[in-house]
Amino acid sequence: MVENLVIVESPAKAKTIEKFLGKDFMVKSSFGHIRDLTKKEFGVDVKNNFEPDYIVSDDKKAVVKELKSLAKDAKTVWLASDEDREGEAIAWHLAEVLDINDEKVKRIVFHEITKNAILKAIESPRPINKNLVDAQQARRVLDRLVGFEVSPVLWKKVKPQLSAGRVQSVAVRLIVEREREINNFKPASSFRVNGIFKIVDKSGKETELKAELSKRFSNKADAEAFLQRSLKAEYAVENIVTKPAKRSPAPPFTTSTLQQEASRKLGYSVSQTMSVAQRLYEAGKITYMRTDSVNLSSLAINTSKAKITELYGEAYSKTRQFKTSSKGAQEAHEAIRPTYIDKETVTGTKQEQRLYDLIWKRTVASQMSDARLEKTTITIGISKTDEKYVASGEVIKFDGFLKVYTESTDDEEEKKNGQTILPPLEIGRQLDCIEVLAAQRFTLRPPRYTEASLVKKLEEQGIGRPSTYAPIITTIQNRGYVVKSDRPGEERKFVTLVLKNDNIKEETKTETFGQEKSKLFPTDIGMVVTDFLMKSFKSIMDYNFTAKVEEEFDEIAEGDLVWNEMIGDFYKPFHNLVEESLQHSEKANGERVLGSDPETGKQVSVKIGRYGPLVQLGETTDGENGEKPKFASLQPGQSIETITLDEALSLFRLPREVGEYEGKKVTVSIGRFGPYVRHDNKFISLSKTDDPFSVGIDRAVELIEAKREKDRKAVIKVFDEDNDLRVLNGRWGPYVSYKKKNYKIPKSTKPEELSFDDCMKLIKAADENPKKGRRKKQ
DNA sequence: CAGTGAGCGAGCTTCCGCTTGACTT
């Protein structure tokens with residue numbers, strides 16, 4: 001029997017705290033929430049003051065049972081869940097479920113896992129804050145009402161299995177609207193002019209100085225006129241301005257900033273970052289990784305100071321406490337930092353080491369001095385015209401925190417503007433101009449979201465929580481609203497004018513732009529659902545909806561508002577929208593008429609069908625004449641919103657019969673797995689460079705023969721005893737194939753030397769004890 | 001592995017936030 005039972009949310013936290021507390025304390029974990037609204041029913045009694053119907057989740061039954069029996073025997077039960085809305089609710093649910101005497105229960109809180117903080121917390125217990133619990137109940141009930149009332153409207157009006165929610169629908173809206181901004185974007189061009197000057201220093205060494213003209217020209221004629229004016233011009237330094245500047249370090253990591261930096265610097269996906277961080281946390285190497293706080297414990301600040309002084313000297317140390325600026329932050333934890341800041345590196349996988357390194361640097365840099373810079377601007381005058389060239393540069397006078405860490409940005413343009421060191425010059429110096437280059441530049445369309453930049457945007461709007469950023473991104477992809485994908489760049493021509501050796505030369509060059517890697521694209525269904533929700537549930541889709549209800553949750557937490565009343569005020573108009581939409585909304589399928597087929601005059605349209613987006617030739621009403629419309633699926637990368645009539649029509653040109661080979665038809669088409677050639681009931685994939693619309697019989701035969709050759713090579717051995725048994729060479733090396741199942745060959749044996757009996761032994765052994773993780777999902 | 005798009009009806013789907021494993025590749 002234990003005197004004191006302490007319950008926290010996370011088992012790793014329990015382990016740490018137990019060490020601080022000594023023998024009389026047993027520390028256990030609830031593994032997060034233990035109860036939730038029932039899923040089988042609606043879970044909220046809307047006719048009875050929105051009474052919630054809570055049940056212990058299936059996967060928590062064992063935990064609850066254990067905690068219950070421990071609590072029964074303990075003298076005091078300390079509920080030590082986090083000090084935020086959700087944590088307070090967890091404490092309350094525990095108190096309700098554990099079924100123990102109120103006097104035995106004490107609620108304690110701490111914001112950092114240090115011995116001092118824990119001992120202090122034990123000294124000052126408090127009752128459960130019911131107002132805060134009510135704020136959580138309001139949050140939970142509101143999310144259930146929105147999710148479980150709006151989703152069924154989508155099932156009826158758009159497609160079964162779809163979902164809508166306070167957070168996910170707005171996340172999808174962001175991506176849809178960005179995509180439309182990009183589709184509607186019309187790039188404008190202007191001419192940017194750079195002069196390259198020759199500088200000779202005292203020792204006779206030559207360097208080049210690049211300076212940009214302070215003016216851009218909106219068209220080629222103006223740029224050309226400027227170059228004409230510049231012919232035989234003379235150049236001189238008109239002014240040099242030097243200004244001191246400073247740069248300060250970024251605050252320590254929160255979940256969102258860690259996800260952003262790990263994405264930019266290490267290329268990790270949001271969920272990858274979280275699982276690597278989880279492992280570091282469980283190994284006791286970093287503090288809790290789901291946090292919205294930039295706060296550091298005084299212990300952490302002091303150890304950083306000592307470490308920085310030791311490594312870089314006192315001048316580099318500057319202790320700082322940061323304040324959070326993000327909307328809706330609840331700051332139940334510390335910032336994400338190394339548990340022991342004096343440890344510069346850790347053992348573990350490469351991934352863990354790299355993430356730890358990032359966290360260490362960010363934390364330490366946050367406690368370092370500002371960097372001091374000197375910014376210099378040189379203005380160069382032109383003898384024959386009023387425009388000026390400007391060159392700017394930056395010199396680091398004292399590196400401060402930059403010695404350790406610099407935060408990255410999402411802005412690609414910013415990266416190019418790297419700091420340059422300017423050569424020493426003085427006012428009045430004459431400069432030789434090597435060349436003047438005027439190049440046509442285009443305005444940039446808005447960037448598509450990456451996982452991490454979406455998280456950043458959501459956090460700015462106060463939507464979602466540290467524990468949900470990664471799941472949100474998974475959800476909107478699983479629902480088919482959004483896909484993460486790459487897109488090849490497009491080519492575009494641009495004009496350059498070069499003035500060199502008193503001669504102006506025009507040239508047209510090509511550049512690629514708009515290349516995308518791992519970006520979030522909305523699907524057709526994502527766009528149709530967003531449009532539907534915007535029409536019927538505008539208030540829920542409002543970017544400020546979460547912020548608005550959060551204010552009310554805060555009032556509930558303060559005791560100034562009663563939660564059921566707040567929900568009641570929300571529900572009445574909301575439920576009316578639901579009813580209204582169910583009764584009056586048209587079915588939404590995103591149908592768009594593209595025009596008519598020049599050959600038949602029939603209408604060509606696109607819409608979302610049962611199996612996805614399709615193009616339709618002819619109308620269903622034509623059926624009266626006995627003619628059914630023709631259908632074809634859209635290809636990956638095509639969208640019902642942007643597809644053109646020509647693109648749509650060409651989808652009907654497949655499958656194409658390209659000829660005959662060995663007396664059998666050869667056809668080309670596009671299937672689920674891409675373009676293919678079909679011959680004698682065999683399918684052969686086209687290569688990336690083949691165009692399914694133009695591939696001819698010669699190329700098709702070439703592919704068929706190549707495939708046959710490959711298949712021949714793939715067979716290492718066949719057996720007379722049993723035709724089903726073969727030794728094959730596959731993508732991952734040789735293997736044994738028998739009755740459609742594949743078997744690994746031990747590394748020690750040579751595949752050519754396997755006998756029939758050897759193979760059968762292998763098969764028997766593998767079938768008899770299937771290894772864990774090799775079984776197929778049912 | 002390489003389709004599908006008629007209509008009906010039964011039975012199912014769905015939210016957000018707090019936590020880890022247990023899965024499979």
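Every chain is numbered from 1, with letters handed out A, B, ... down the list of sequences.
- Residue-level contact check: V146(A) touches neither bases nor backbone, having no heavy atom under 4.0 Å from any strand.
- Across all strands, L162(A) comes closer than 4.0 Å only to sugar-phosphate atoms, never to a base (heavy-atom distances).
- Under the 6.0 Å distance and 45° angle rule, R173(A) counts as a cation-pi partner of Y543(A).
- Closest to the side chain of M289(A), from the set dT20(B), dG3(B), dT14(B), is dT20(B).
- Of the listed nucleotides (dT19(B), dG5(B), dG3(B)), dT19(B) has the atom at the smallest distance from the side chain of Y288(A).
- At the heavy-atom level, I90(A) lies nowhere under 4.0 Å from the strands shown.
- Rounding to the nearest 0.5 Å gives a distance of 9.5 Å between CD of E702(A) and OG of S687(A).
- At dT19(B), one or more side-chain N or O atoms of R290(A) fall inside 4.0 Å of OP1 or OP2 (strictly under the cut-off).
- Q168(A) comes within 4.0 angstrom of sugar-phosphate atoms only, judged by non-hydrogen atoms across all strands, and of no base.
- At the heavy-atom level, G165(A) lies under 4.0 Å from the strands shown only through sugar-phosphate atoms.
- An OP1 or OP2 oxygen of dC1(B) is reached within less than 4.0 angstrom by no side-chain nitrogen or oxygen of R678(A).
- Of the N and O atoms on the side chains of T600(A) and D597(A), at least one donor lies less than 3.5 Å from an acceptor on the other residue.
- Taking 3.5 Å as the limit, the base of dC15(B) and the side chain of R140(A) contain a donor-acceptor pair of atoms between them.
- For the 3.5 Å distance criterion, the side chains of Y676(A) and R678(A) fail to qualify, holding no donor opposite an acceptor.
- In this structure, the side chains of R107(A) and E88(A) come closer than 4.5 Å at one or more pairs of heavy atoms.
- Ring stacking is absent between F31(A) and dT20(B), as the pair misses the limits of under 5.5 Å between centres and under 30 degrees between planes.
- Among the atoms of the strands shown, base atoms are found under 4.0 Å from some heavy atom of D36(A).
- Phosphate contact (OP1/OP2 of dG17(B), side-chain N/O of R35(A), threshold under 4.0 Å): absent.
- R465(A) comes within contact range of the sugar-phosphate backbone alone, with a heavy-atom separation under 4.0 Å but no base atom that close.
- Put simply, R479(A) has a side-chain N or O that comes within less than 4.0 Å of OP1 or OP2 on dT14(B).
- Judged by a 6.0 Å distance limit and a 45° cone about the ring axis, R479(A) is not positioned over the six-membered ring of Y481(A).
- If you check every strand for non-hydrogen atoms under 4.0 Å, A12(A) touches nothing.
- Put simply, the side chain of S633(A) and the base of dG5(B) share a donor and an acceptor less than 3.5 Å apart.
- If you check every strand for non-hydrogen atoms under 4.0 Å, S81(A) touches nothing.
- In this model, the phosphate group of dG17(B) is approached by a side-chain N or O of T468(A) to a distance below 4.0 Å at OP1 or OP2.
- Using a 4.0 Å heavy-atom distance criterion, P471(A) is classed as making no nucleic acid contact.
- Straight-line distance from the CZ atom of F553(A) to the P atom of dC16(B): 13 Å, rounded to whole Å.
- Residue contacts for Y469(A): at a heavy-atom cut-off of 4.0 Å it reaches no nucleic acid atom on any strand shown.
- If you check every strand for non-hydrogen atoms under 4.0 Å, S30(A) touches nothing.
- Among the heavy atoms of the strands, none lies under 4.0 Å from Q616(A).
- Under the stacking criterion of a centre-to-centre distance below 5.5 angstrom and an interplanar angle below 30°, F631(A) is not stacked against the six-membered ring of dT4(B).
- Closest heavy-atom contact between S81(A) and E9(A): CB-OE2, 3.3 Å.
- Two residues, K13(A) and R139(A), neighbour DNA chain B, and the one matched to the more 5' nucleotide by heavy-atom proximity is R139(A).
- Phosphate proximity of dT13(B) to S151(A): absent, as no side-chain N or O sits under 4.0 Å from OP1 or OP2.
- The side chain of P160(A) sits closest to dT13(B) out of dT13(B), dG5(B), dC18(B).
- Among the protein residues, G87(A) comes within range of no part of the nucleic acid, since none of its heavy atoms lies under 4.0 Å from any strand.
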